[in-house]
Asks: 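Handing you a structure now.
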Amino acid sequence: MKKNLMQVFKFAYFAGCFWYLFTIPAQAYIDPSAVTYIIQAVAGVLIALGAAFTIFRHKIFAFFKKNKKNGQTEGAAIEFKDVDD
């Protein structure tokens with residue numbers, strides 16, 4: 001327990017030192033209109049991913065329903081017909 005606590009402390013110490021030494025302070029801010037563009041982009045991506053997931057889910061379900069209508073089940077054997085030339 002004490003060993004794990006020391007490892008966490010060491011990591012936090014070196015991460016803090018790294019952050020302090022290699023960051024540059026900036027006198028800037030994010031414009032509120034820029035935040036709305038970011039929110040719109042994220043929302044658009046999430047909606048597109050949801051729509052794609054729904055479309056593929058419906059196609060997969062339709063594929064399995066089609067197989068059930070044809071009388072095929074999961075464990076059914078495939079019959080091959082002999083064709084005489």
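Throughout, numbering of the chain's residues begins at 1 and tracks the sequence. Just so you know, these numbers use all the heavy atoms, side chains as well, and skip hydrogens, waters and symmetry mates.
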Asks: Taking only distance into account, with no hydrogens and no angle test, what donor-acceptor pairs under 3.5 Å do side-chain atoms of residues 23-31 form with protein atoms, sequence neighbours excluded?
Replies:
unit_1: T23; atom_1: OG1; unit_2: W19; atom_2: O; d: 2.7
unit_1: D31; atom_1: OD2; unit_2: S33; atom_2: OG; d: 2.5

Asks: Can you give each donor-acceptor pair under 3.5 Å made by side-chain atoms of residues 37-61, sequence neighbours left out, with the distance rounded to 0.1 Å?
Replies:
unit_1: T54; atom_1: OG1; unit_2: G50; atom_2: O; d: 2.9

Asks: At what distance, to the nearest 0.5 angstrom, does OH of Y13 lie from NZ of K10?
Replies: 12.0 Å

Asks: Is there a path from F18 to Y20 through hydrophobic residues (I, L, V, M, F, W, Y) whose side chains come within less than 4.5 Å of each other?
Replies: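 Both belong to a single hydrophobic cluster.
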
